[in-house]
Number of protein chains: 2
Amino acid sequence: MRTSSVDQIILEVLAQEHAHLTSLQIFEVIRERLPAVNQSTVYRALERMAKRGQVSVSDMGTGSAVYELVADGRHHHLVCQVCGCILTIDHEEVGRFFTEIEAQNQFKIATNHLILFGVCGECGKNGG
Amino acid sequence: MRTSSVDQIILEVLAQEHAHLTSLQIFEVIRERLPAVNQSTVYRALERMAKRGQVSVSDMGTGSAVYELVADGRHHHLVCQVCGCILTIDHEEVGRFFTEIEAQNQFKIATNHLILFGVCGECGKNGG
DNA sequence: AATTATAATGCATTTGTTTGCAACTGCAAT
DNA sequence: ATTGCAGTTGCAAACAAATGCATTATAATT
């Protein structure tokens with residue numbers, strides 16, 4: 001597999017931050033080291049790395065997708081549509097569900113970062 | 001709740017088609033009846049109806065989101081990233097999983113159309 | 001019927017993301 | 001070193017979706 005400098009830097013950036021970063025945030029960090037890099041190059045690099053399973057892409061309902069290192073550990077999120085809070089759930093029970101679905105449908109699931117929207121306990125209490 | 005003519009037409013269109021439609025497809029049908037309607041009005045109407053739980057929004061990886069009547073029955077999809085085929089799974093086992101997650105996190109899930117990406121049995125055999 | 005408050009709409013603009021194409025780069029075989 | 005090829009990049013343009021603001025429509029209230 002051919003090495004791309006942009007891919008390398010993205011991996012380093014994500015490894016340093018251990019967080020959900022938008023492509024713009026990633027782009028801006030990369031630009032400090034490679035000022036000439038184009039934004040679509042970053043998009044393509046992220047797409048490539050997502051296909052390889054190195055990073056996860058998630059729409060958390062914030063307007064732009066966020067990226068994260070898969071090596072940081074498989075986890076998933078519950079996003080409250082009222083207050084915007086984000087609960088993290090680990091892969092354990094999600095994994096059981098995935099395995100079930102896979103067995104029943106002869107399908108290998110690649111989705112590695114599940115996002116479920118809804119209402120958190122706090123907002124459920126207050127809002128009705 | 002206030003009634004919008006666009007909302008009404010969208011409901012009728014989706015009820016007629018019983019399918020996943022893109023906002024552009026919906027827009028074009030609406031334009032036949034209300035030629036002056038703007039595309040952002042359609043986006044806003046769909047967003048409104050999704051918030052009410054009348055329609056589901058899903059990114060099936062086709063470039064644009066698709067909308068569907070929730071009243072048509074809760075179901076979910078497995079999308080093959082190799083051949084693009086779409087398997088439909090009903091709400092039963094997904095519902096059990098949702099209930100589990102809800103109980104463990106005091107969270108009410110609103111997501112009503114789950115999309116999981118991966119590789120179908122056929123492509124798994126051929127591709128390795 | 002007139003008034004008011006609220007929600008919906010059109011238009012133009014902006015944002016986020018993808019794509020086509022030509023140029024370039026890294027790697028392997030010669 | 002040269003060639004060839006596939007993968008990567010920049011640029012501009014296309015596309016999908018969201019937004020700010022002024023206007024209009026709707027339902028409730030008077």
With sequence neighbours excluded, residues passing side-chain hydrogen bond (donor to acceptor under 3.5 Å, both in side chains) with A:Arg74
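Listed in chain order: A:His91.
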Per-pair distances, 0.1 Å, donor-acceptor, side chain in residues 6-14 of chain A, under 3.5 Å, sequence neighbours excluded:
from: A:Asp7; atom 1: OD1; to: A:Ser4; atom 2: OG; distance (Å): 3.2
from: A:Asp7; atom 1: OD1; to: A:Arg48; atom 2: NH2; distance (Å): 2.6
from: A:Asp7; atom 1: OD2; to: A:Arg48; atom 2: NE; distance (Å): 3.4
from: A:Asp7; atom 1: OD2; to: A:Arg52; atom 2: NH1; distance (Å): 3.2
from: A:Asp7; atom 1: OD2; to: A:Arg52; atom 2: NH2; distance (Å): 3.4
from: A:Glu12; atom 1: OE1; to: A:Arg33; atom 2: NH1; distance (Å): 3.1
from: A:Glu12; atom 1: OE1; to: A:Arg33; atom 2: NH2; distance (Å): 3.2

key: DNA chain D contacts made by residues 23-48 of chain B, counting heavy atoms under 4.0 Å   =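 By residue number: B:Ser23, B:Ser40, B:Tyr43, B:Arg44.
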Polar atom pairs (N or O), protein with nucleotides 24-26 of chain C, under 3.5 Å:
from: C:dT25; atom 1: O2; to: A:Arg2; atom 2: NH1; distance (Å): 3.4
from: C:dT25; atom 1: O2; to: A:Arg2; atom 2: NH2; distance (Å): 2.3
from: C:dG26; atom 1: O4'; to: A:Arg2; atom 2: NE; distance (Å): 3.3
from: C:dG26; atom 1: O4'; to: A:Arg2; atom 2: NH2; distance (Å): 3.4

Side chain to side chain contact (heavy atoms under 4.5 Å, CB included) against [X], all qualifying residues, sequence neighbours excluded:
X	result
A:His18	A:Asp72
B:Leu24	B:Thr22, B:Phe27, B:Glu28, B:Gln39
B:Glu92	B:Asp90, B:Arg96
A:Gln104	A:Glu100, B:Glu93

(message) From the set C:dT9, D:dT8, D:dT9, return the single nucleotide nearest to any side-chain atom of A:Arg52.
(response)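 Shortest atom-to-atom distance from the side chain points to D:dT8.
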Choosing from D:dA16, D:dT9, C:dA8, which nucleotide comes nearest the side chain of A:Val6?
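Out of D:dA16, D:dT9, C:dA8, the nucleotide with an atom closest to A:Val6's side chain is D:dT9.
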Requested in this report: Return yes if a side-chain donor-acceptor contact under 3.5 Å exists between A:Gln25 and A:His20, otherwise no.
Outcome: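 Distance-only check fails for A:Gln25 and A:His20.
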Given atom [atom1] of [X] and atom [atom2] of [N], what is their separation to the nearest angstrom?
X	N	atom1	atom2	value
A:Asp59	C:dT15	CG	P	19 Å
A:Met49	D:dT9	CE	P	11 Å
B:Lys51	C:dA7	NZ	P	11 Å

Qualifying side chain to side chain donor-acceptor pair (under 3.5 Å) pairs with a residue from residues 57-66 of chain B, counting only residues at least two apart or across chains: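 Counting only pairs at least two positions apart or across chains, the side chain to side chain donor-acceptor pair (under 3.5 Å) contacts touching residues 57-66 of chain B are B:Ser58-B:His113.
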